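Accompanying notes for the structure given below.
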Protein chains: 2
Amino acid sequence: MNPFATHFDSLEEFADRVSEVLQCPITIEDANHRLIAYSTHEHYTDPARTATIINRRVPEKVINSLWREGVIPKLLSNSEPIRVEMISEVGLGNRIAISIWKNKEVLGFIWAIEMEQTWTEEQFELLKQAAKAAKNLLLQLQIRKHKKEERIQEFFWKLLTGHFSSHNDIIQQCHVLNIPVYPFSSVVIFHFKQEIQPQVERQIDYLLKTTQQLAVPLYTIDHHRLTLLAAPKSNANAQADIKRFLRSFIAQMNERFRIEVTDGAFGSIYECYTKIEKSYKEAQTVLNMKRAFSHDLGNVQSYQELGMYQFFDLLLEKKRDGDFYNETLEKLKQYDNRHHASLVKTIETFLDHDSNVNETAKALNIHPNTLAYRLKRIAEIGEIDLHDMNQKVKLYIDVKLAKYEASH
Amino acid sequence: MNPFATHFDSLEEFADRVSEVLQCPITIEDANHRLIAYSTHEHYTDPARTATIINRRVPEKVINSLWREGVIPKLLSNSEPIRVEMISEVGLGNRIAISIWKNKEVLGFIWAIEMEQTWTEEQFELLKQAAKAAKNLLLQLQIRKHKKEERIQEFFWKLLTGHFSSHNDIIQQCHVLNIPVYPFSSVVIFHFKQEIQPQVERQIDYLLKTTQQLAVPLYTIDHHRLTLLAAPKSNANAQADIKRFLRSFIAQMNERFRIEVTDGAFGSIYECYTKIEKSYKEAQTVLNMKRAFSHDLGNVQSYQELGMYQFFDLLLEKKRDGDFYNETLEKLKQYDNRHHASLVKTIETFLDHDSNVNETAKALNIHPNTLAYRLKRIAEIGEIDLHDMNQKVKLYIDVKLAKYEASH
DNA sequence: ATTAATTTTGTGGATTTCCACAAAATCATG
DNA sequence: CATGATTTTGTGGAAATCCACAAAATTAAT
């Protein structure tokens, strides 16, 4: 009765059997669109399938199209086979697809290419049986993977916390754990609005496994945070690549799964794996600073872009020791208190806007001349020369530092 | 024969005796123009003398006049009495003055006011005898002072190196050593071109004791450096007061004694005596930074004015750890090397001149449009927004820091 | 040596900034 | 609440900055 009720030695054998029964090419993917097995009978194959087999994963643009078309959401919501119309822009022919379920979780997909004739009810029924049969085969894979996962997680945390001191040791360890090694990497942290629940983890895993903007050899989740190692393809536009990845990850989490990612940040890009710890700390610094200076650092994602805020932790420490007290700032604060004025706010905004009078006036909703007058007063009261870069830098840092101190 | 060849219980008694013999008011000062004794017979007294007695020191403007008139140089060069013409601007009447010598050192001065009749040869002779007699009396004072000096020196070094942790302990110690206590103080360091020789020490002592711009309760000399505690009169213009003192000290050392003081600097002004250590470190930092950034910090004397350079030591340390590597700066350096251009110099000068195109162009001897072009290139190559204060600050600091690192 | 790319300098005009002055509004204080 | 001091806003013109374009000079690379 059921043509798949026998033992299969491998998934490949299974794929071939399904292909034989249904008389069409078959591809089996895991939940992250990685290729698990494919049939090898001689049949017509569309370009999307060829690419998938060569790369051992579904090309990202194909995945994106399938999301846009609503195919994947449908597959994730029920276990019925569906017909997928050709999407010629990405080389996808007419297909039939079905998801493979274990309890309420999707383990993977079976794709069949629809040949000349449209499918009969019987064929659909057979495919459903195949999906059921695939479940057990896939489960074994899952379990194997799961055990390995834990060791990998531990390894990643060791990397993040600077447990290893030799690059070569790390590389060797990667080989043992079968973690791919890349020449450049940077630590990325995403902060989620809600604590990350197990079902969200699957969606994160999905996005990370499917993205092709960069490789994500390692990631870990705890509480609100997703921390991952990102390996950009080239060194040339590495920064830009990671930035793009951040943007699209946040957008996709939101669009596809309605999961809000509050913030994302990444550290410098290093070649040596021992620097992962540093990159991790940098990424954390970026997040901390963004929290303290959301207004100033709204568009900042990388440690490089943090600019002077890079050394705020360090400076705050010294400031706490009572070092660099700023006479100018104190005088301005004093004046503000005594006359409930807002010279500090004024100078801060002025410096925020690169000493541009008009922009600053607009930002403060005051007449440019008013600003000019205030600046004259600031120069007098604070005994500062507003055309002296050194003095301005010191004041700017001290103003921001005072805010930072207040927020800590 | 010699009317002074008896024992005197005190210098006051001596002064009265001289006054009696010469029939005129007598004032005795030490080498630093501090009042040591004065006669109390009823005689006419000029305003300068009154002021001297009230303040227990010769008013600074009087000292300055006497220097300008060449009186004091003459007194310091030989032991003959000289006639000093009236200087009415400073309330000085006609005087006769003589210096008191021990070996080749001047211990002090005797001043006599010339009454109606001009002095006879005999009177001059008597004054010379008085000066000789004063020597022994003054010597006792010197010796007493000298022993105390050593303990005071040690105490000062303890203050500078943070040996005490309680303000009250320090104050008490000051009382024991008879060191006056002031509400505000700051550590000042002068760097001399030549190593400071013993005879120069006397001249330093002289200047410090006679200055009235501020009090100098403690000072110490080693090698090229004079380190002192400066107590400004009021808190209001304390900074300005100390700055004026620095300027005039350096000028006077040069004008009066032809001694070159290369540099002077001072730390923050603190109320608590335990902060003297900090002020000392700050003053040292100022000197160090001025050496490294002579071009940028030519006019800087105080820690406050150091601005962002205040935290360069700290930053350099971190930089050495490989933290904050600046992508922009590296790219510009790279470009400079590859094309022997001078983008780094250009941006540095630009920022030095507060982002003013015209000034910068002038400083670099290039056409303003050339500068504009270079800035456009810098923005492109360094991927920096030259209207973003944060980025500019970071770059500015990194440029200067790179220089600092190179110089260390 | 030639060519292409890059850099420097020049010109003119639109725009913005800077300043001085004055009037109006607001604030502080007795 | 009256008064003077301080702050805000308005106006107009001189000065500067910015920008686009083009020519000249320099440099790099074949």
Side-chain angles (χ1 to χ4, degrees), chain A residues 236 328-393 395-396 399, chain B residues 236-237 328-389 391-393 395-396 399:
Chain A
T328 297
L329 181 54
E330 290 310 316
K331 280 182 180 150
L332 294 181
K333 275 184 180 167
Q334 218 168 59
Y335 192 91
D336 278 357
N337 282 335
R338 282 218 241 288
H339 302 83
H340 22 140
S342 49
L343 299 187
V344 174
K345 181 72 205 157
T346 303
I347 191 69
E348 182 187 358
T349 312
F350 180 66
L351 295 174
D352 275 341
H353 290 84
D354 191 38
S355 306
N356 182 307
V357 172
N358 264 315
E359 275 185 40
T360 310
K362 237 173 267 170
L364 290 170
N365 280 315
I366 56 174
H367 194 279
N369 284 356
T370 305
L371 177 60
Y373 173 75
R374 285 198 197 161
L375 291 174
K376 212 185 68 186
R377 290 313 315 277
I378 287 170
E380 288 167 8
I381 293 165
E383 296 178 57
I384 186 178
D385 175 2
L386 288 178
H387 290 291
D388 181 325
M389 184 65 175
N390 179 23
Q391 294 186 43
K392 289 204 300 192
V393 166
L395 181 57
Y396 193 51
V399 167
Chain B
N237 336 51
T328 298
L329 182 54
E330 289 311 315
K331 280 181 180 152
L332 295 181
K333 273 184 181 168
Q334 218 169 58
Y335 191 91
D336 278 357
N337 282 336
R338 282 219 240 288
H339 301 83
H340 20 149
S342 49
L343 298 187
V344 174
K345 181 73 206 155
T346 303
I347 190 68
E348 181 187 358
T349 311
F350 181 65
L351 295 175
D352 275 341
H353 290 84
D354 190 38
S355 307
N356 181 308
V357 173
N358 264 315
E359 276 185 38
T360 310
K362 235 172 267 169
L364 290 170
N365 280 316
I366 56 175
H367 194 279
N369 285 356
T370 305
L371 177 59
Y373 173 75
R374 285 197 197 162
L375 291 174
K376 211 185 67 185
R377 292 311 318 278
I378 287 170
E380 288 167 8
I381 294 165
E383 297 178 56
I384 186 178
D385 175 3
L386 288 178
H387 290 291
D388 181 324
M389 185 65 175
Q391 293 185 44
K392 289 205 299 193
V393 167
L395 181 57
Y396 193 51
V399 167

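Chain letters run A, B, ... following the sequence lines, proteins first and then strands; every chain starts at 1. Values in this document were obtained by computation on a predicted structure and should not be read as measured data.
Interface residues of residues 364-372 of chain B facing DNA chain C, ordered by number: B/I366, B/H367, B/N369, B/T370; criterion, heavy-atom separation under 4.0 Å.
In the set C/dA28, D/dC18, C/dT7, C/dA28 carries the atom at the smallest distance from any side-chain atom of A/H340. Checking C/dC18, D/dT17, C/dT6 against every side-chain atom of B/R377, the shortest atom distance belongs to C/dT6.
The nearest whole Å value for the distance from the NE2 atom in A/H339 to the C1' atom in D/dT6 is 9 Å. In this structure, B/D336 atom CG and C/dT6 atom C1' are separated by 15 Å, rounded to whole Å. As a whole-Å value, the separation of B/Y335 OH from D/dT27 P is 13 Å. The separation between B/K376 atom NZ and D/dC21 atom C1' is 12 Å, rounded to whole Å. In this structure, A/E380 places its CD atom 10 Å from P of D/dT6, rounding to the nearest Å. Taking atom CG of residue B/N356 and atom C1' of nucleotide C/dC18, one finds them 12 Å apart after rounding to whole Å. In this structure, CD1 of B/I378 is placed 11 Å from P of C/dT7, rounded to the nearest angstrom. The distance from atom NE2 of B/H353 to atom P of D/dA16 is 16 Å, rounded to the nearest whole Å.
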Determine, stepwise, if the pair A/L329 / A/I347 fulfils side-chain contact (heavy atoms from CB on, under 4.5 Å).
CA-CA 10 Å; A/L329 181 54; A/I347 191 69; 6.0 Å; no
Begin from the C-alpha positions of B/Y396 and B/D352 and carry the test side-chain contact (heavy atoms from CB on, under 4.5 Å) through to its verdict.
CA-CA 8 Å; B/Y396 193 51; B/D352 275 341; 2.7 Å; yes
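Contact annotation: A/R374 does not reach the phosphate of D/dT7 (side-chain N/O to OP1 or OP2, under 4.0 Å). Using a 4.0 Å cut-off, no side-chain N or O of A/Y373 falls inside it from OP1 or OP2 of D/dT8.
A donor-acceptor pair under 3.5 Å is absent between the side-chain atoms of B/D354 and the main chain of A/M389, judged by distance alone.
Contact of the A/V399 side chain with the A/L351 side chain is not registered, since no non-hydrogen atoms from C-beta on lie closer than 4.5 Å.
Salt bridge B/K362/B/E359: absent, no basic N to carboxylate O contact under 4.0 Å.
Comparing B/R338 and B/S355 by the nucleotide of DNA chain D that holds the closest heavy atom to each, the one mapping nearer the 5' end is B/S355.
Distance check, rounded to the nearest 0.5 Å: OG1 of B/T349 to CZ of B/R374 gives 9.0 Å.
Nearest heavy atom pair, residue B/K331 against residue B/I381, reads CD-O, 3.4 Å.
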